[in-house]
Structures are given as structure tokens and as C-alpha cells.
Amino acid sequence: MKKRIKTVANKCSVVIPIAVIIYMFYCPVTICIADLNVYLSYRTVICSYVVLTIFWLTYSPIRSCCCNGKWTEPLFNLIPICILSLFLFAQWHLKIAGILLAVYIVAELFTLWEFSSDIKLTENKAEKKKCFVTFKRLSILFFAAICAFPCAAIISVYGWESPVYEPNQNSAYVVNNDDTITDIYQENIELIKCFSNETWTLFSLEERITLLQSLESFEAQVLGIPSVEVLSALLDENTLASYDNESNQIWIDIRVLSESTAATCIEGICHETFHAYQYYLISSIDWESELSQSFYFQDARSWMENSPNYISSYSSSYDSYVEQPLETAAHAYAEDESQTILSYLAQ
């Protein structure tokens, strides 16, 4: 009876990789390995995982050797999760993931060499088949053992989320905001010089997000608002940057941070900082007062009215998105301000 229960439990392990598919529909998983320029959106990840799981559970050449209701069957069924965990772990520790994979390959080659020697020495077909079955089962065991540490790290430490790049406040430029300054751009020329194409390419991702934080602080000073935190992560495929008014944070897509020119990043920061400026005004103005209805607050009033009816580029056409008051003003400011910064850079 106990043996039968164990057999059923081993066979039921097939639901685990399927449960992960359901989980990813509710909690999207992305993969961002910046050092290898690997950026997989949640759609790509879930589609790849579904294809891998279906192929592995139905067409894997190892299936017949492992799916026998014994201890090898749960290990076989967990392989898709192990592969996914290895990729997720590589986001945080690429070198360690590479070492683990190299250890597995070396162990596989060594085991294959050992079994090849045994197979050559025997002419018994049953013995040869047994060697092949044992080799395949050991392969599953080796890979599951190698992935045990990444799986544990993902579950207990990192979760299923991609890394978020944060600015290093200790190495950020201090924006000169003296009230007596006549030319704030010239006074912060050292910061602006960091955005030349030649210099920008020399910086790491951590240094770039730190510079963008400094640029945001500069723009906040220009606009007269408190500075906003700048972060970078893998965003939606069509989102280059965004301002989250609930958390009061600016998010830059990691692909933009890694691959785009300095000019593109400058314009993105100017655009999103202006959104922060818009929401700062919207939340600060007393819209019940008579003064707020005056011509002076006309633009701010249009932003306030647009805010609850904001049109996303995903839910409507691009023209409708870009022609709404919040976006029209932000695009205009970003274009003018980025050109001003670039003009100082050219001096």
C-alpha cells in the first residue's frame, strides 16, 4: 500500500510544472541578464516555458527511462522549473550560474566517457540498455542537483522578479542649486559633460542610472519641484520610461539604459520629470478656490482634468495618446529641454 501511494505521489508531480504556468499568468515573470543583453518579456518567458514544458513532458527521449513511478519521475517533471530557475538566478549571479552549468557539462561528459567504456566492454544487449538507462537517470539527477541551489535562492531570497537598478547616492553628482546662479546649466556643466556619446558608453549600468538620477535632480531644480527617485528594470516592450505618480518614481527600461544613446536618455528623463512636475501641481493646487479657475492655471487645469481620463498607448491609438494635454506638454518640454542641454554639451 505504501509503495502504491509513493508511486501515485511521484506521478502526480507532473502537476508542479503546470502549476508554474498558471502562476506566471497571474504573476508575470521577466528575465533580464544585462551582461549578456538578454531581455525577455513576460510574454516571451511564458510562451518559451509552455513550449519547453510540453516538449519535455511529452517528447523527451529520457521520459521512458524516468517516468516509472519511482524517484526519477519527480526529478524528470521538475526539469522545466530547474531550467527556468537557472535563468532567473543568472540575472543576479551570472558567473555562479555559468560555473554551475560548466560543472554539469563536465560531469555529463565524464559520466558519458565512463559508461562508453563499459558499453564497449560488454556485448550483452540487456546490459547495454541498462547502461543507457542508468546514464539518462544520472543525467536527470545531476541537473536537478546542480539547480537545487539556484531554485532555493529564487524561492527564498530573490523571488521571481528581475533585478532593479538603483542609483548610488554616494557617487551621485551634487546639483548646484544656489539661488544666485544666473546660468544653472553652465554651473552644472560637469554633469552635462557626462552625457557626451564618447563618455556615456564608458559607464556601467549602475553608473548610468546614478547619472540619470543626478540629471533628474537637476531637472527638478529647473522645474522647482522635489527630486524624484529614478530606477531601472525591464518594463513592457513598448515602454521606454514611465512616471508612477502613486510611488512618485521614474522608471527607465533597462534596454534603454543599456543600448540607447545619451540623448535618448536625456529626453526620457526630461519627459518623465515634467510628468512629476504636472502631478506635483495637480496635487498641490486647491481646485476649490476661485484662483484655480483663472487663466493663469489653465494648463494645470487641463492636466488635472486629463489625469483621471488618461489615455494609455496600449488602449488607444498613438495619436490619441500623444495628443492629450499631459503628453502634449511633456513631449514639448522634453524636446526643448533636451536640446538646451545638448547645446551646452556641444560648447
Side-chain angles (χ1 to χ4, degrees), residues 10 13-14 16-21 23-24 27-42 44-57 59-63 65-67 70-117 131-165 204-206 233-234 254-255 258:
N10 289 335
S13 63
V14 71
I16 300 176
I18 298 173
V20 171
I21 295 175
Y23 172 83
M24 287 197 291
C27 300
V29 176
T30 59
I31 294 177
C32 170
I33 308 176
D35 292 339
L36 298 180
N37 287 329
V38 174
Y39 307 108
L40 304 180
S41 66
Y42 71 89
T44 303
V45 172
I46 194 169
C47 287
S48 300
Y49 180 78
V50 168
V51 171
L52 170 65
T53 302
I54 292 174
F55 173 80
W56 181 257
L57 295 180
Y59 300 109
S60 173
I62 305 178
R63 185 176 187 277
C65 303
C66 299
C67 295
K70 297 182 179 180
W71 62 270
T72 55
E73 187 159 356
L75 295 180
F76 174 84
N77 292 332
L78 289 174
I79 292 300
I81 299 177
C82 290
I83 294 174
L84 175 62
S85 297
L86 193 61
F87 272 97
L88 293 173
F89 182 77
Q91 299 180 118
W92 303 91
H93 301 288
L94 180 59
K95 291 182 180 179
I96 297 178
I99 291 172
L100 291 173
L101 191 58
V103 169
Y104 170 72
I105 293 173
V106 171
E108 277 288 281
L109 292 175
F110 177 78
T111 307
L112 180 61
W113 178 74
E114 285 287 330
F115 275 93
S116 296
S117 301
C131 286
F132 277 118
V133 170
T134 304
F135 171 72
K136 292 176 181 179
R137 289 178 178 176
L138 285 177
S139 297
I140 292 293
L141 178 61
F142 286 161
F143 192 76
I146 287 294
C147 292
F149 174 70
C151 286
I154 291 301
I155 293 172
S156 61
V157 180
Y158 302 112
W160 294 58
E161 298 180 356
S162 295
V164 173
Y165 289 85
S204 66
L205 293 179
E206 290 80 4
L234 186 60
I254 188 63
R255 289 163 291 195
S258 175

Any side-chain heavy-atom pair from Phe55 and Thr53 closer than 4.5 angstrom?
no
Starting at CG of Leu40, measure out to SG of Cys47 and round the result to the nearest 0.5 Å.
11.5 Å
Would you say Leu78 and Ile16 make side-chain contact, with heavy atoms under 4.5 Å?
yes
Looking only at non-hydrogen atoms, find the nearest pair between Ala144 and Cys82 and report the distance.
CA-SG, 4.4 Å
Does the side chain of Asn77 reach to within under 4.5 Å of the side chain of Leu57, using non-hydrogen atoms?
yes
Gap between atom CD of Glu108 and atom CH2 of Trp113 - 0.5 Å precision
15.5 Å
Working for side chain to side chain contact (heavy atoms under 4.5 Å, CB included), residues Val29 and Ile46:
CA-CA 8 Å; Val29 176; Ile46 194 169; over 6 Å; no
More than 12 heavy atoms of other groups within 6.0 Å of Glu161 CD:
no
Using only atom types and a distance under 3.5 Å, with no angle test, would you say the side chain of Trp92 pairs donor to acceptor with the backbone of Ala153?
no
Aromatic contact between Phe142 and Tyr104, with the criterion being ring centroids under 6.0 Å apart: yes or no?
no
Within the 3.5 Å criterion, strictly below it, is a donor on Ser13 or Glu73 matched to an acceptor on the partner's side chain?
no
In this structure, are over 12 heavy atoms from other groups packed under 6.0 Å from Phe87 atom CZ?
no
Taking the side chain as every heavy atom from C-beta outward, state whether Leu234 and Arg255 have any atom pair closer than 4.5 Å.
yes
Rounded to the nearest 0.5 angstrom, the OH-OG distance for Tyr165 and Ser204 is 9.5 Å
Distance (rounded to the nearest 0.5 Å) between Ile83 CD1 and Cys147 SG:
7.5 Å
Start with the C-alpha gap between Ser139 and Phe143, add the side-chain angles, then the distance that decides, and say whether side chain to side chain contact (heavy atoms under 4.5 Å, CB included) holds.
CA-CA 6 Å; Ser139 297; Phe143 192 76; over 6 Å; no
From CA spacing to verdict: side chain to side chain contact (heavy atoms under 4.5 Å, CB included), Ile146, Val103
CA-CA 8 Å; Ile146 287 294; Val103 169; 3.8 Å; yes
Could you tell me whether the side chains of Ser258 and Tyr39 share a donor-acceptor contact shorter than 3.5 Å?
yes
How close do Tyr49 and Pro80 get, counting heavy atoms only, and between which atoms?
CE1-O, 3.6 Å
How about Val20 and Trp160: do any of their side-chain heavy atoms sit closer than 4.5 Å?
yes
Please check if the side chain of Gln91 supplies one atom and the backbone of Cys32 the other of a donor-acceptor pair under 3.5 Å.
yes
For residues Ile81 and Ser85, determine if any side-chain heavy atom of one lies less than 4.5 Å from a side-chain heavy atom of the other.
yes
Taking the six-membered ring for Trp, are the ring centroids of His93 and Tyr158 within less than 6.0 Å of each other?
yes
To the nearest 0.5 Å, tell me how far Asp35 CG sits from Lys95 NZ.
8.5 Å
Looking at side-chain heavy atoms only, is the closest gap between Ile79 and Ile62 below 4.5 Å?
no
Taking all non-hydrogen atoms of both residues, which atom of Tyr42 and which atom of Thr30 are closest, and how far apart?
N-CG2, 3.6 Å
Side chain proximity check, Thr44 to Ser48, heavy atoms < 4.5 angstrom:
yes
Within this structure, what is the CZ-CD1 distance for the pair Phe89 and Ile33, rounded to the nearest 0.5 Å?
11.5 Å
